[in-house]
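Lettering follows sequence order; numbering is per chain, from 1.
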Amino acid sequence: MSGQGQDAKFFTRGKIQEFRAELQAAETKDKKFTKRKIVLKKIVANITMGNDMSALFTDVVQCLGTPLLEIKKMVYLFLVYYGRAKAEQIHLVIPSFLQDCNDRNPLIRALAIRTMSYIPIPVVIDSLTDQLRHHLKDRDAYVRKTAAICVAKIYAADPRKAERHGFVELLRDLMVDSNATVVANAVAALSEIGDRPDGVIFKLNLTVANKLLTALGESSEWGQIYILDSLMRYVPESHADAELMGERVVQQLQHANSAVVLTTIKLLLYLMNYMDNRTLIDYICKKMGPPLVTMLSSGPEVQYVALRNILLIIQRRPAVLKNDVKVFFCKYNDPVYVKLAKLEIMYRLASEENVKEVLAELEEYASEVDIDFVRKSVRSIGRLAIKVEATADACIKSLLSLIDTKVTYVVQEAIIVTKDIFRRYPGKYEGIIPTLCENLDALDEPEAKAAMIWIIGQFANRIDNADELMDDLTYNFLEESTEVQLALVTAAVKLFIFKSSSDSVKALVHKVLKWTTEEVDNPDLRDRGFMYWRLLAINPGVAGEIVLAEKPPITTDADRMDRGALDQLLLHTGTLGSIYHKNPETFIRNAAGKALTDTPALNPHSRQVLVPIQRVQPPTGPVVVAGPGPIEPSASNKPPPPLPDEATSPGNLLDLDGEDGEDSVHGGDDDETEEDSKARPAASAAADPYASLDSAFGGYAVDGSRPAGTRRADEDPLF
Amino acid sequence: MPIDGLIVLDSTVTPVVQTAFRRFSPAYPLLHIDAYSAAAASARRVQDIDPVIYVPSFDPDEPSACCHIQHNGLTLLSPVSRDTDPLYAFAFLRTFVDILHEYFGDVTAPALKDHFDVVYQLLEETLDSGGHPLTTSPNALRDIVIPPSLLTKILSVAGVSGLSGPSTHGMGAFASPIPWRKAGVRYNSNEIYFDISETLKATVSKSGVVVDSTVLGKIDANSKLSGTPDLLLTLTNAQAMSNPSFHPCIRLNRFSQSKVLSFVPPDGHFTLMEYRYSPASAQAPPPTGTPLTAIAQNQSQVQVPFTLKAAMAVSEHGGTFDVSIASRLSARAIEDFVMELYLGEGATGASCTVGGGAEWGYIPARQVCPIGSRCYGI
């Protein structure tokens, strides 16, 4: 490592021939191998710059015999880059590899097997498999932990070979190694194998899970992440198991590494599904809040991930950050993505107790400079009014003052949300309609325009000059966007129903309907035009009742995620899935879906909304290698265990045979059936289109074959 | 849940160092660099780039995401194609920056190029090509990758030459039973230093009322102790620290039982713990019947040590502001006082008159107007 700090000069494009000549020259008279070292550095620098150095393969490989660790490392780096491309020459290196595999120095042993595992060529993998067995039992921990990861690599290159050589069992033994780093790497390798669609299924039983928990304290942060993540593969069979583990894991929330903290939270959220002790659940929820808040004082990228996850967590466990809305108040220098995420959380956390502060804060944001942020703030004020009734008055007041600013995008947003407020509180705030109408000319966005038109149509009886306004608005009817046109048609019809006596209104509605049916190409619009026309033609009185029928009240519950989907998504807390709020198998190929596994300990509510996993089984079927201890039965073959709830037990006895048909007849008596069917995604109905015919066939359809993945869905609604 | 690799870009978005991306096509890292530079071009400020960029691929089935952080003008990218925890990627990137910092001091593109062979060794040791972080504790790393500046020192101490490498200790790397501390450390004088720094973050409303405030504290340590020291640090008022997060060396059980910090420290610089300060009054059980929100408000509110009054007037082509600040502290002076005013986007300059012997300036790149004085108010 001579010439420290001067290595930048190596970053000059070099010619292959020159390097070759230099390497050959270095073979003689090379004291302490300095010449070779310099040439190799130049070569590595050139690799970095993206120059193809593969032509030097044979020359570089010859340096492997040099008894200097630094040179070995560079040659191995070279091999990692070009080994795969030079399959026909790789046999030159094998003897050196084998020699290094048995070197006295553990660093070199580890380096050799690691490099070999990076080159997935059969020759290399073959010689590695011969060696690896010894390395997995090496007396040096560094070699063992490297060997553990190498197993995953061999498995990726040739799964069946790795299984044949019993590497998976050897890895399993490493899970109880005395060195925590080795344990963590063994777990990491097993997880990687288990995540493969054709991999050995990796599950943990209580004994091993407890061993891993013990290793947790001594592991590095990455090791802790692997171990905590792998504990998600443990399925608690009783409340007590889940609770005990939760108690042991909860202190990891105090770790300095935010990834450890978030993985811990993921594990706790998972375990909580299997807990019964209310005090403990509350305690854990309370413990989870502060570390999440702490993440908000880290870098913006950590904040972003934390905020996206908080959004999910508080929907499922509102207790976690109940009293902490203030920590989500935006700072002036927050990046825009952080501000928007915070805004959403502020809205979710708003309740009667804190709504005043939240509203004051939102009003502040509405006068910011960033347009996106301002729009979302204004919209949040409106949503707040809908969510918290006590604050509706204050929200309307602040919306009105925002409309007064005459800033176009503020006014438009305000009008869009006001429309929803009218629907939420009918007959309460119509007094502000005149103020809204004053700003008619400022509206240039379809959504705002449509909202305003809806208001005019809906309250045409209260707006004296509604017909004039509509006349103005329909002036450019044919140029408007579809959204606005639809709103205009409906509003015109409503206006006519309110003021059927006025000739001008009659003319207006006739004009609009004629345009819609004769000059518009959009089938939706045309159909709606025809529908209204016939309605009015047949019986205007009935038409009025239909068009102005009472509307179902709106709530903000609709934007909350479905509980079952939420449970499933929370199994991915912290991962990409939680950032996009999507299950990873929907956007990552080969990603294994996750679902809560049903055991007697699973709380009844989670069970009801359980969304089954849609894992596509590979045609050959997975090879199951037992972990230490008893093998867990595969979930899809197991009938659901009885609910702890007494009320449902009669139904249960029947479902053990999976007698779908009979039970759905009984189902009506069950307390939970109604709630259940509401929560259940349409999937189960779709999976069994003959469900209603079951009684006719005497349960015949149930015994037929069906995709394994959906079976659980059929069994579940029986509760 | 491994990451795919790591790319270090300099300020011109040219790669300085990157891992091999062996599992992927050669285009894979380029796609990510492109995605990053495209996102950087469309964002107004570097800070506004989404931290997790979605990267579409040639193969529509295999999209990926790109996590990135900024450090000292460098950008570190970490492509992620499996359902990995992005925090995990971020934590690794930060750790890697810390390691580089530990090895080279200032982490800049020239520094990385100067020591690229060491950087590569570090990458090899910290991240295997499958994307699993390996050894990231600086203590253990120093056994495997010899830091440039320490080279001569280590050679002279251990008498290492050639191949025999670090294993001549007779123990080898990772012989230490404690992952964060290397074995066989020896110092002539044994000492350990602690720095406690606390940061107050507060949001103050227009009328001067503190809306929200928190104090975040951090204990940094520099340990120069021989052997395997087992330390016990007793805090007189441990109650004031809420929500602590610890370096892995601290025995969590011990802390939760008796509020003492018991640990075997790593060698060298490390952050012992971080915490949130909560005033003693909050610890007293609240009187029964107090509404929940009132308790929540009391819990972390800390008085801001100065009062701030601001008046603004905005006109068409500019504005005026008048800010007055007064210290609330009666006994002590506030030292090294700096106030930064963010003038908002589009600001091109400012002109201020400041009292009290303070100085002011304007930083065009950030539209910020810092005003500072060595010592303010008594």
Top of G83(A), A110(A), P291(A), A256(A) for chain B proximity - count of heavy-atom pairs under 4.5 angstrom: A256(A)
Closest-packed option against chain A by number of heavy-atom pairs under 4.5 Å, given D50(B), V52(B), T203(B): D50(B)
NZ/K339(A): more than 12 non-hydrogen atoms of other groups inside 6.0 Å: yes
Distance, nearest 0.5 Å, that separates OH of Y332(A) from CG of L341(B): 8.5 Å
Gap separating the CD atom of Q252(A) from the CZ atom of F246(B), nearest 0.5 angstrom: 12.0 Å
Working for side-chain contact (heavy atoms from CB on, under 4.5 Å), residues R114(A) and E125(B): CA-CA 11 Å; R114(A) 193 164 77 202; E125(B) 290 303 331; 3.4 Å; yes
Spatial distance of atom OG (S256(B)) from atom CD (Q251(A)) [nearest 0.5 Å]: 5.5 Å
E301(A) CD to R94(B) CZ distance, which is reported to the nearest 0.5 Å: 4.5 Å
For I49(B) against Y337(A), the heavy-atom pair lying closest together: O-CE2, 3.1 Å
Most chain B-contacting option - heavy-atom pairs closer than 4.5 Å, from G299(A), A156(A), A259(A), G289(A): A259(A)
ring-ring contact (aromatic ring centres under 6.0 Å, His included) involving Y76(A) - partner list, sequence neighbours excluded: F97(A)
For chain B, the option from S351(A), S297(A), P300(A) that forms the most heavy-atom pairs under 4.5 Å: S297(A)
CG on L216(B) to OG1 on T294(A), rounded to 0.5 Å: 7.5 Å
Heavy atoms from other residues, nucleotides or ligands near NZ of K331(A) exceed 12 (cutoff 6.0 Å): yes
Portion of E364(A) that has a non-hydrogen atom of chain B nearer than 4.5 angstrom: side chain
Heavy-atom pair count under 4.5 Å with chain B, highest-scoring of A152(A), P335(A), S298(A), S178(A): P335(A)
Side chain, backbone, both or neither of E124(B) within contact of chain A (heavy atoms, under 4.5 Å): both
For H255(A) against P248(B), the heavy-atom pair lying closest together: NE2-CG, 3.8 Å
Euclidean distance, M273(B) CE relative to Q254(A) CD, rounded to 0.5 Å: 8.5 Å
Residue part contacting chain A, namely of Y275(B), when any heavy atom lies under 4.5 Å: neither
Nearest heavy atoms of Y88(B) and Y226(A), plus distance in Å: OH-OH, 2.6 Å
Closest-packed option against chain B by number of heavy-atom pairs under 4.5 Å, given L77(A), N257(A), N185(A), T146(A): L77(A)
Minimum-distance pair of heavy atoms, taken over all atoms of P86(B) and V305(A): CB-CG2, 4.1 Å
Test side-chain contact (heavy atoms from CB on, under 4.5 Å) applied to V293(A) and R276(B), step by step: CA-CA 10 Å; V293(A) 172; R276(B) 196 155 60 148; 3.7 Å; yes
V302(A) portion near chain B, given a 4.5 angstrom heavy-atom threshold: both
Proximity breakdown for T14(B) and chain A, heavy-atom pairs closer than 4.5 Å: neither
